[in-house]
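Note: hydrogens, waters and symmetry copies are ignored here, and every other heavy atom, side chains too, is used. Everything numeric here is computed off the predicted structure, so don't read it as measured data.
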Amino acid sequence: TLLLEPLMVQSADEPYSVYAHLAEDIQFADDGLSVTFRLDPRARFSNGDPVLAEDVKFSFDTLKSEKAHPQFRFYWADIKQATVVDERTVRFDFVKQNPELHLIAAQMQVFSRKWVEGSEFDKLTRTPPIGSGPYTVEKHRLGKDITYVRDPDYWARDLNTRRGMFNFERVSYKYYNDETVQLDAL
């Protein structure tokens, strides 16, 4: 997305390949029951804070909880837990061997713990996320529109996974409840 980024980026033309992004390294366990990611020390959230293993674990735990959409619990059903190994290293333990679980874990988008801090996750509809993506929320009207503005301090601007992308200063989405009005607006 424009706000939140994954641990690793999947190529559209190489379905079983991932490239370093928030995580600069991936280590698949010999027994196939876990994968460990080492985070890039350059990775930053839009508020300037570093992306840390605690944020990755918090994002996983939050999205897999009852407060998030059930799709995450279903999609990550075979990922037992996330464990912080050290400040920049996180390990995902699997329920069983599956040759795609490390790719599934690598797709997880990470948000800052500070975004949720002191609030219930399912009540944050009006609080823009603190993410590590190329854009931040400039303004929004719930159910009507949202405008993203490019983050001038985007940490990954020159990474191979992002170079030359996200060149628009602003991106706006308008939501229409009526197909006729939507077509007229077009």
Any sub-3.5 Å donor-acceptor pair from Ser59's side-chain atoms to Phe111's backbone N or O? yes

Spacing of CZ belonging to Arg150 relative to CD belonging to Glu169, to within rounding of 0.5 Å: 5.0 Å

Closest non-hydrogen atom pair, Gln10 against Glu14: CG-O, 4.4 Å

Rounded to the nearest 0.5 angstrom, the CD1-NZ distance for Ile146 and Lys174 is 13.5 Å

On a heavy-atom basis, which atom in Tyr154 and which in Ser132 lie closest, and how many Å separate them? CE1-O, 3.2 Å

Leu4 vs Pro129 side-chain heavy atoms within contact, under 4.5 Å: yes

With side chains defined as the heavy atoms from C-beta onward, is the minimum distance between Gln109 and Leu3 less than 4.5 Å? no

Donor-acceptor under 3.5 Å (Arg170 side chain, Tyr148 main chain): no

Answer yes or no: are there more than 12 heavy-atom neighbours, outside Tyr176 itself, under 6.0 Å from its atom OH? yes

Please answer whether the main-chain N or O of Pro41 pairs with a side-chain N or O of Arg44 as donor and acceptor at a distance below 3.5 Å. yes

Do the side chains of Met108 and Leu33 join up, straight or via other hydrophobic residues, at under 4.5 Å, putting them in one cluster? no

So Asp78 and Lys96, side-chain contact (heavy atoms from CB on, under 4.5 Å) or not? Walk me through it. CA-CA 7 Å; Asp78 289 337; Lys96 61 183 179 183; 3.2 Å; yes

So, the side chain of Arg73 versus the backbone of Ser65: is there a donor-acceptor pair under 3.5 Å, distance only? yes

Can you give me the closest heavy-atom contact between Thr161 and Ala20, atom names plus distance? CG2-O, 3.3 Å

Just so I know, are the side chains of Val35 and Gln27 near enough to count as touching, which here means a heavy-atom distance under 4.5 Å? no

Quick check: do Phe58 and Val116 have side-chain heavy atoms less than 4.5 Å from each other? yes

May I ask you to decide if the ring planes of Phe72 and Trp76 are parallel, tilted or perpendicular, using 30° and 60° as cut-offs? tilted

Under 3.5 Å: donor-acceptor pair, side chain of Gln97, backbone of Asp31: yes

What closest approach, in Å, do Val84 and Asp86 show between heavy atoms, and which atom pair accounts for it? CG1-O, 3.4 Å

Tyr19-Ile26 co-clustered via ILVMFWY side chain contacts under 4.5 Å: no

Residues, nucleotides or ligands: over 12 heavy atoms within 6.0 Å of Asp30 CG: no

So Phe28 and His102, would you call those rings parallel, tilted or perpendicular, with 30° and 60° as cut-offs? tilted

Is the side chain of Arg157 donor-acceptor paired with the backbone N or O of Pro152 at a distance under 3.5 Å, no angle test? yes

Can you name the closest pair of heavy atoms from Ala156 and Arg162 and give their distance? O-CB, 3.4 Å

Could you tell me the separation between the CG atom of Leu7 and the CG atom of Leu39, rounded to the nearest 0.5 Å? 6.5 Å

Quick check on the hydrophobic clustering: are Phe60 and Phe121 connected, directly or via other members, by side-chain heavy-atom contacts under 4.5 Å? yes

Is Val18 reachable from Phe92 through a run of hydrophobic residues whose side-chain heavy atoms are each under 4.5 Å from the next? yes

So do the side chains of Glu5 and Pro134 get within less than 4.5 Å of each other, counting heavy atoms only? yes

Heavy-atom check, side chain of Tyr175 versus side chain of Asn177, under 4.5 Å: no

Taken in chain and number order and not counting sequence neighbours, the residues that satisfy side-chain contact (heavy atoms from CB on, under 4.5 Å) with Gln81 are Thr83, Asp93

Would a single hydrophobic cluster contain both Ile79 and Tyr75, if residues Ile, Leu, Val, Met, Phe, Trp and Tyr are joined by side-chain heavy-atom contacts under 4.5 Å? yes

Rounded to the nearest 0.5 Å, what separates atom CZ in Phe74 from atom NZ in Lys64? 12.5 Å

Look at atom CD of Glu179 and say whether more than 12 heavy atoms of other residues, nucleotides or ligands are closer to it than 6.0 Å. no

Do the non-hydrogen side-chain atoms of Phe168 and Tyr135 ever get within less than 4.5 Å of each other? yes

Could you label the plane-to-plane angle of the His21 and Trp155 rings as parallel, tilted or perpendicular, counting under 30° as parallel and over 60° as perpendicular? tilted

Calculate, to the nearest 0.5 Å, the distance between atoms CD and OG1 belonging to Glu117 and Thr127 respectively. 12.5 Å

Thr147 and His140, any side-chain heavy atoms less than 4.5 Å apart: no

Over 12 non-hydrogen atoms of neighbours within 6.0 angstrom of CD in Gln107: yes

Hey, could you give me each pair passing side chain to side chain donor-acceptor pair (under 3.5 Å) that has a residue in residues 46-55? Not counting sequence neighbours. Asn47-Asp49, Asp49-Lys114, Asp55-Arg113

How many angstroms lie between CG in Leu22 and CG in Leu52, if you round to the nearest 0.5 Å? 11.0 Å

Grab the two heavy atoms, one from Ser34 and one from Phe94, that are nearest each other, plus how far apart they are. N-CD1, 3.6 Å

